[in-house]
2 protein chains.
Amino acid sequence: MAARYIEIKNSIKDDILSGRYQVGEKLPSERELAPVYGVTRVTIQKSMHMLEQEGFIERIHGKGMFVANTLAENVYFLNDGPSDAFLGFSREFGSKANITSRLVSQQLITAPEHIIKALNLTRDAQVHAIRRVRLIDTVPVLVEDSWIVQAVIPVIPASVLDKGSLYEYIERLTHKKIKFYNSVIEASLFDETLASLLDVAVNSPMLKVTGTTKLDDGSLFNYSCSYNRADKFRVKNNWVGK
Amino acid sequence: MAARYIEIKNSIKDDILSGRYQVGEKLPSERELAPVYGVTRVTIQKSMHMLEQEGFIERIHGKGMFVANTLAENVYFLNDGPSDAFLGFSREFGSKANITSRLVSQQLITAPEHIIKALNLTRDAQVHAIRRVRLIDTVPVLVEDSWIVQAVIPVIPASVLDKGSLYEYIERLTHKKIKFYNSVIEASLFDETLASLLDVAVNSPMLKVTGTTKLDDGSLFNYSCSYNRADKFRVKNNWVGK
DNA sequence: TAGTGGTCTAGACCACCTG
DNA sequence: AGGTGGTCTAGACCACTAG
């Protein structure tokens, strides 16, 4: 049972995506929307601020709220999609494109130095080291490396890695929500290994996203690094001034 | 006069940056902080949610709020810094490094097709086309192209472009706040022209940020594109799950 | 002046975590 | 059980925009 303001946000987002509100159209005011949904203005405001941050509407003080003109191109936005956060590839794009995975390698290893540091592990901690290729409509678009702490997730079936969502598996297994994807975005180039996995030229541009994931009890359990084809992926920003 | 929750956010951020709160330390609870600042819990919550999104603290339901371990490296974060938004280079980094600018070119031209489209201009609109190189401690790190609508900003003194902050000039001139920097991040490669301006190798990796800027009355007035050395810049993300 | 979003209060109940 | 953050109410005043 999601919070009311999430439900309202999604309801209005659907109204926008389905065209019931046209681009540029003025939305009803907060004071009009509140009684429609049976909540107070503060709750409506929380919904609308989220919609603004997600880029669907624009709020202008003294004028009102307006449907933003959302750009539609032939690229994918890493932080777009139906969910409320950036929590993994399958979950983001599963609904709008035909996503498949190919498991490249899976090993249980002693955590390497940079993983120990990133996840605050002890020196002999064991981690699942996983490399997968993700494809959209049979076209390989990114490589994702994951290092998952074995103490938290004992086993990971290959079937999950080969087509399912790793994050959904983990949430089902632990009965906890995945909470953080505190990540860093940078640009780099594809080396020989990665380029061959994606069938692109060596030294072609890459959008690299690294980050850690926690369960909602605060336990760090995953460090991941995704190597995305720069011609396929962008990141949308909605840093709102003020 | 900033809003109270902004003041409180900055006050606590200062406490973190100055080390009065140690990394990992538990912060006072919302119910403790509220009377300290003479506000209600809702106001404290707004401050703390901002601090969370900016990556300074972590909130854990039922446990408390904790100072996040902020990574310090030899790179700059495009969305780091003291301000509340990503509103231009000078403003972000001016306080922590020696920033200079070099004006490469400035012309008043008829808006090219992609600018007309991005800014919803009429076909014969005039724009200032500006290219600047930015340097940190005399090292060139990025090229920024700006297209600014002449109807909104009639003249732009070369002195502003050569060392001042263009955005501050515009806010002073218009007596309005700059409101949106709705941007898109992608990876690309430096071509000959840009590489020579930054003294890097052709085809070295680039973090490209494009976006538009509005005044707070909603008027689009600027399209900009910055070409950032990938070895110098990252973008921090704080997509918080839930 | 009327309507809009922006901020804030005082209080309530819920969900979660720890002892 | 007691403390924490998460959500929500009902109402107020302010700042901004428009006719």
Side-chain angles (χ1 to χ4, degrees), chain A residues 1-10 12 25-53 57-68 84-85 174-180 214-219 240-242, chain B residues 1-10 12 25-53 57-68 84-85 174-180 214-219 240-242:
Chain A
M1 172 64 179
R4 194 78 182 97
Y5 71 87
I6 300 279
E7 294 176 351
I8 295 170
K9 183 207 71 173
N10 288 330
I12 295 176
E25 185 177 343
K26 187 171 183 298
L27 295 172
S29 73
E30 296 176 349
R31 288 170 177 81
E32 287 171 313
L33 289 172
V36 169
Y37 287 95
V39 296
T40 58
R41 237 187 96 206
V42 189
T43 304
I44 290 290
Q45 279 181 323
K46 195 153 185 182
S47 306
M48 304 317 272
H49 278 126
M50 291 190 80
L51 277 181
E52 179 182 45
Q53 180 143 35
I57 67 164
E58 179 175 354
R59 293 164 67 83
I60 301 181
H61 194 168
K63 292 174 82 170
M65 304 180 286
F66 303 84
V67 178
D84 298 309
T174 61
H175 300 295
K176 293 182 182 302
K177 289 272 180 196
I178 288 171
K179 201 183 168 195
F180 280 109
K214 296 189 175 191
L215 298 177
D216 62 7
D217 62 0
S219 60
V240 178
K242 168 56 78 72
Chain B
M1 173 64 178
R4 193 78 183 99
Y5 71 87
I6 300 279
E7 295 175 350
I8 295 169
K9 183 207 70 171
N10 288 330
I12 296 176
E25 186 178 343
K26 187 171 183 301
L27 294 172
S29 73
E30 296 176 349
R31 287 170 178 82
E32 287 171 312
L33 288 172
V36 169
Y37 287 95
V39 296
T40 58
R41 239 187 95 205
V42 190
T43 304
I44 291 290
Q45 280 181 323
K46 194 153 184 182
S47 307
M48 304 316 272
H49 278 126
M50 292 189 80
L51 277 181
E52 180 182 43
Q53 181 144 36
I57 66 166
E58 178 176 352
R59 293 164 67 83
I60 301 182
H61 194 169
K63 292 173 82 170
M65 303 181 286
F66 302 85
V67 178
D84 299 310
T174 61
H175 300 295
K176 292 183 184 300
K177 290 270 178 198
I178 289 171
K179 202 184 168 194
F180 281 109
K214 297 189 174 192
L215 298 176
D216 62 6
D217 63 358
S219 61
V240 178
K242 171 50 85 68

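Predicted model, so just to flag it, every value in this text is computed and none were measured. Every chain is numbered from 1, with letters handed out A, B, ... down the list of sequences.
Here the side chains of Asp216(A) and Ile178(A) are not in contact, with every heavy-atom distance at 4.5 Å or above. Side-chain contact check for Val67(B) versus Leu27(B): some heavy-atom pair is nearer than 4.5 Å. Glu7(A) places none of its side-chain heavy atoms less than 4.5 Å from the side chain of Tyr37(A).
Look at His49(A) and you'll find a side-chain N or O under 4.0 angstrom from OP1 or OP2 of dG6(C). Regarding contacts with the backbone of dT4(C), a side-chain N or O of Ser29(A) is found under 4.0 angstrom from either OP1 or OP2. Remark: Lys63(A) is not in phosphate contact with dC16(D), judged by side-chain N or O atoms under 4.0 Å from OP1 or OP2.
Note that CE of Met48(B) and CZ of Arg41(B) are 12.0 Å apart. Values are rounded to the nearest 0.5 Å. Note that the NZ atom of Lys46(A) and the OG1 atom of Thr40(A) stand 11.5 Å from one another [nearest 0.5 Å].
Residue Ile8(A) is tested with Leu33(A), Leu51(A), Ile44(A) for a side-chain contact (heavy atoms from CB on, under 4.5 Å); the sole match is Ile44(A).
Here the C1' atom of nucleotide dT4(D) and the CD atom of Glu52(B) are 14 Å apart, to the nearest Å. A straight line from CD1 of Ile44(A) to P of dG6(C) spans 14 Å, rounded to a whole angstrom. Rounded to whole Å, the distance from CZ on Phe66(B) to P on dG5(D) is 8 Å. With rounding to whole Å, Leu27(A) atom CG is found 13 Å from dG5(C) atom C1'. What separates CG of Asp216(A) from P of dC16(C) is a distance of 8 Å, to the nearest Å. Regarding Leu215(A), its CG atom lies at a distance of 11 Å from the P atom of dC17(C), rounded to whole Å. Put simply, CZ on Arg59(A) is 19 Å from P on dG3(C), counting in whole angstrom units. Straight-line distance from the CD atom of Glu58(A) to the C1' atom of dT4(C): 14 Å, rounded to whole Å.
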- prompt: How would nucleotides 8-15 of chain D be written as a contact map, 5' to 3', with B for base contact, S for sugar-phosphate-only contact and - for no contact, using protein heavy atoms under 4.0 Å?
  reply: BBBBBB-B
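Between Lys63(A) and Glu58(A), none of the side-chain N atoms (NZ, or NE/NH1/NH2) sits under 4.0 Å from a carboxylate O, so this pair counts as no salt bridge.
Using a 4.0 Å heavy-atom cutoff across all strands shown, Met65(A) reaches sugar-phosphate atoms only and no base atom.
Under the Watson-Crick and G-U wobble criteria, each requiring two contacts below 3.5 Å, nucleotide dG19(D) is left unpaired.
Side chain of Glu30(B), nearest nucleotide from dG5(C), dT17(D), dG6(D): dG6(D).
For Asp217(B) and Lys26(B), each mapped to the nucleotide of DNA chain D holding its nearest heavy atom, the one lying further toward the 5' end belongs to Lys26(B).
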